Structure formats: structure tokens, C-alpha cells
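For clarity, every value in this text was computed on a predicted model and none was experimentally measured.
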Amino acid sequence: MADTSKIPVASAFDGIYAAISRASASVFDFLRSQMTSSSAKEMPRQSEPRRLSLAEQWSQISGIVMGAASRAEEATRCHASATLQLDLAQYALTSLVDELSAVMDVGGRRRRATVHVLGVAPRRPTMGDAIAA
């Protein structure tokens, strides 16, 4: 077996640890200096808005309520219009299906066409039918 006691593993790890320690110390010092300098700056104070009088408060509140009421009325009008349009579309679709069902298979049902009804005349017995019987 090879003699592994002569390999300088411990000294290699010591060198890597020292390099990481120096790099992290410099980064830590930089961050600490940035934090202390930014906290030393004071933020400008915000001034409070002036208080509204009762008349101004009432005006603000009534404007909000009136706006909400007008939007509710508009929503009601739009809803009624949409209901009417949906009813008309459903009527048109039902009419179309009724018209097309006379000439094509709709949902497994086929109605007889009312325009082109072909009458089939009863078949008269012929001599060949009498012989076959």
C-alpha cells in the first residue's frame, strides 16, 4: 500500500479555509458599511393631509354612493339587454333547427319534409307475383 501520511491534505484545506475567510470578511465589512450609512440618512417626514370638514366629507361620501347607484342602474340595463339578445338568439336557433330538421338528421330524429312529400302509389300485383306465390 502507498503511504498516504505524506500527502499534504490538511494544509490544502487550511489554505482554502483561509481564502474563504478573507473573502467573506471583506464582503461582510462592505455590507456592514452600507447598512450603517443608509440608516444614518433620515427619511423625509410625510405631512398629514388636512382634515375635511363635515360638508366636504358628506360631499365625498354622497359622490361615492351616487356613482355606485348609477353603475348599478347601468348594470341592470345591460343585463336586461343581454337577456333580450339571448332570447332572440335562442328563438333564431330553435327556428333554424326546426327548419333544418325537415331535410337532415338532427339528433337522431328525422321529420318528414313538409314541402317535398313523395307519395308512393300502392303496388299492383303482377303476373310474376301470382306465379311466385
Side-chain angles (χ1 to χ4, degrees):
M1 296 234 26
D3 185 19
T4 58
S5 62
K6 295 181 182 178
I7 299 176
V9 173
S11 64
F13 283 126
D14 289 339
I16 293 171
Y17 177 75
I20 291 173
S21 295
R22 283 192 302 269
S24 62
S26 62
V27 169
F28 180 72
D29 290 339
F30 173 75
L31 291 175
R32 184 175 31 177
S33 68
Q34 291 298 314
M35 290 175 61
T36 56
S37 66
S38 66
S39 65
K41 299 175 187 173
E42 285 201 26
M43 298 296 291
R45 294 193 57 128
Q46 296 286 334
S47 63
E48 291 186 22
R50 70 174 184 85
R51 294 183 62 89
L52 297 175
S53 68
L54 286 177
E56 291 171 328
Q57 291 178 21
W58 182 256
S59 173
Q60 290 279 334
I61 291 173
S62 64
I64 291 170
V65 170
M66 294 300 288
S70 68
R71 287 190 299 275
E73 290 173 359
E74 179 65 23
T76 302
R77 282 193 297 275
C78 289
H79 182 73
S81 174
T83 301
L84 178 63
Q85 291 175 5
L86 285 172
D87 287 344
L88 291 173
Q90 183 179 8
Y91 175 76
L93 182 63
T94 303
S95 298
L96 181 65
V97 168
D98 287 343
E99 291 172 6
L100 290 178
S101 65
V103 293
M104 61 186 289
D105 190 16
V106 178
R109 300 169 302 184
R110 185 169 182 140
R111 294 186 338 190
R112 291 183 48 183
T114 56
V115 177
H116 303 286
V117 177
L118 299 176
V120 179
R123 193 170 157 211
R124 291 194 284 160
T126 61
M127 284 305 272
D129 289 339
I131 294 174

Distance in Å, Cys78 SG paired with Gln85 CD, rounded so as to fall on 0.5 Å steps: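 So the SG of Cys78 and the CD of Gln85 are separated by 9.5 Å.
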
Gap between atom OG1 of Thr83 and atom CG of Leu88 - 0.5 Å precision: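 Answer rounded to 0.5 Å: 11.0 Å.
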
Residues, nucleotides or ligands: over 12 heavy atoms within 6.0 Å of Gln60 CD: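 No.
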
Crowding at CG, Leu54 (>12 non-hydrogen neighbours, <6.0 Å): no

Distance-minimising heavy-atom pair for Glu56 and Arg50: OE2-NH2, 3.1 Å

Side chain to side chain contact (heavy atoms under 4.5 Å, CB included) partners of Arg77, counting only residues at least two apart: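 Once residues adjacent in sequence are excluded, the partners of Arg77 under the side chain to side chain contact (heavy atoms under 4.5 Å, CB included) criterion are Glu73, Glu74.
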
Side-chain donor or acceptor of Thr76 paired with backbone N/O of Ala72 under 3.5 Å: yes

